[in-house]
Amino acid sequence: MITRRDFFKGAGAVAVSTAAVSRVGAASLPEAMVMNNAKTQVPPPPATGRPFHPVVTLNGWSLPWRMNNGVKEFHLVAEPVVREFAPGMKVNLWGYNGQSPGPTIEVVEGDRVRVFVTNKLPEHTSVHWHGQRLPNGMDGVTGLTQPGIAPGKTFVYEFVAKRPGTFMYHPHADEMVQMAMGMMGFWVTHPKDPSKFAVDRDFVFLLSAYDIEPGSYTPRVNEMTDFNLWTFNSRVFPGIDTMPVRQGDRVRIRVGNLTMTNHPIHLHGHEFEVTGTDGGWTPPGSRWPEVTTDIAVGQMRAIEFIATDPGDWAFHCHKSHHTMNAMGHNVPTLIGVDHRGIAEKISKIVPDYMVMGDKGGSMGGMEMPIPENTLPMMTGEGPFGGVEMGGMFTVLKVRKDQKRGDYTDPGWYKHPAGTVAYEWTGQLPEAPHSSDAGRSLMPATSKPEVELQVRKPSSHMEH
Ligand SMILES: [Cu+2]
């Protein structure tokens with residue numbers, strides 16, 4: 001039998017020895033498991049504690065626990081980590097147990113949970129259990145409900161997971177810096193009755209954003225709004241794993257937003273319902289169908305749908321600059337401008353100069369040298385050419401023959417003959433154009449009393 005521990009060892013987790021620290025209610029610390037890669041790790045069914053259907057964290061993993069006299073014990077280690085955002089780009093972040101975001105914590109409604117938090121950061125931290133009902137002193141707000149956890153120290157949080165649902169954890173200490181450095185994680189409290197709210201596939205991930213200058217390795221932590229890397233679980237397209245599902249599966253995707261702006265998350269080809277929020281499960285009578293749901297800062301949403309239609313369906317944030325990577329955020333727009341020759345002249349003065357094409361963006365096709373450790377703004381090669389995406393973008397892959405519990409990527413969808421958009425090769429009739437300039441909503445009541453004479457400054461033209 002494969003235990004969770006064996007499984008995670010095989011999957012890349014390493015146990016690190018921790019000095020035994022004696023505290024009330026715990027003879028020793030549970031060992032802290034560390035993940036050394038950003039692959040999606042599908043957790044096995046729980047070997048100890050109460051049964052539940054585990055979630056699958058996109059490009060992440062779930063933290064193993066130990067049972068100690070009926071208490072579910074976890075060990076989180078806050079520490080500097082190196083996270084690969086996508087092949088070709090690694091970032092110095094702060095996270096938990098080897099990765100940012102930290103591992104997903106999965107418990108069952110009614111579980112008594114004890115979390116040891118060891119601080120290996122150069123400054124104090126704390127962990128706030130976002131959305132939980134718990135004793136006030138376990139809420140993790142530095143200064144308000146506890147002193148900060150000093151570097152090198154370990155604190156113990158203990159509470160009963162009262163409400164089933166979707167939660168997050170993050171520091172409530174030097175928050176702007178620590179969240180900008182990637183300190184966050186997902187928490188799922190499963191219902192006591194595993195058949196309640198059961199689905200076939202349950203994906204989870206966090207939205208986070210970073211400001212990383214192309215060519216550098218560490219986020220600028222003083223940025224407030226102008227971030228340039230928009231991530232699902234600190235990964236960007238094309239580094240985000242796909243979501244493979246079996247046709248007919250009931251699929252749940254839970255998303256938590258710890259960026260500094262909202263994200264309209266959009267699914268192609270299927271309608272979904274928001275079945276859960278940060279406050280719990282939504283009553284069935286309150287749900288309506290959507291294809292995009294906006295997730296505000298600090299919110300969590302669980303969406304559900306039946307994967308009825310086979311194919312490779314895009315799943316992404318609908319803000320177009322959130323499906324772009326760091327390069328090119330300052331590129332001027334020159335659509336409609338004939339810039340032949342100009343770019344050449346400018347590039348003699350500004351070596352890295354590039355312009356958006358006069359026929360639109362098409363940045364994906366632009367070949368330009370980029371600094372080391374950054375990613376092209378839009379990239380990704382699909383079966384029909386460049387996908388021209390970045391950031392918060394992945395693909396839901398619905399397949400008839402995807403096995404139950406199999407999360408391996410099935411490759412590109414093979415479209416049945418006659419079901420792909422095709423080129424029209426016949427005659428194109430002249431399109432009639434309307435010359436109607438439109439009307440005003442209502443007539444003006446009187447003539448303007450003052451006639452304005454506007455003269456544009458022309459000094460530049462005269463020189
Ligand atoms: Cu977005």
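Atoms within each ligand, like the ligands themselves, are counted from 1 in listed order. Quick caveat, the model's predicted, so the values are computed rather than measured.
- Among the backbone and side-chain atoms of His318, no N/O/S atom is found under 2.8 Å from the Cu ion (ligand 1).
- Taking the N/O/S atoms of His322 in turn, the shortest distance to the Cu ion (ligand 1) belongs to ND1.
- Side-chain contact check for Thr189 and Lys162: no donor-acceptor pair (N or O, by modelled atom type) lies under 3.5 Å.
- Within a 6.0 Å sphere centred on NZ of Lys153, heavy atoms belonging to other residues, nucleotides or ligands number 12 at most.
- If you look at His263 and ask which of its N, O or S atoms sits nearest the Cu ion (ligand 1), the answer is ND1.
- Remark: Asn59 CG to Phe85 CZ distance equals 11.5 Å, nearest 0.5 Å.
- The shortest heavy-atom contact between Phe237 and Thr379 is CE2-O, 3.1 Å.
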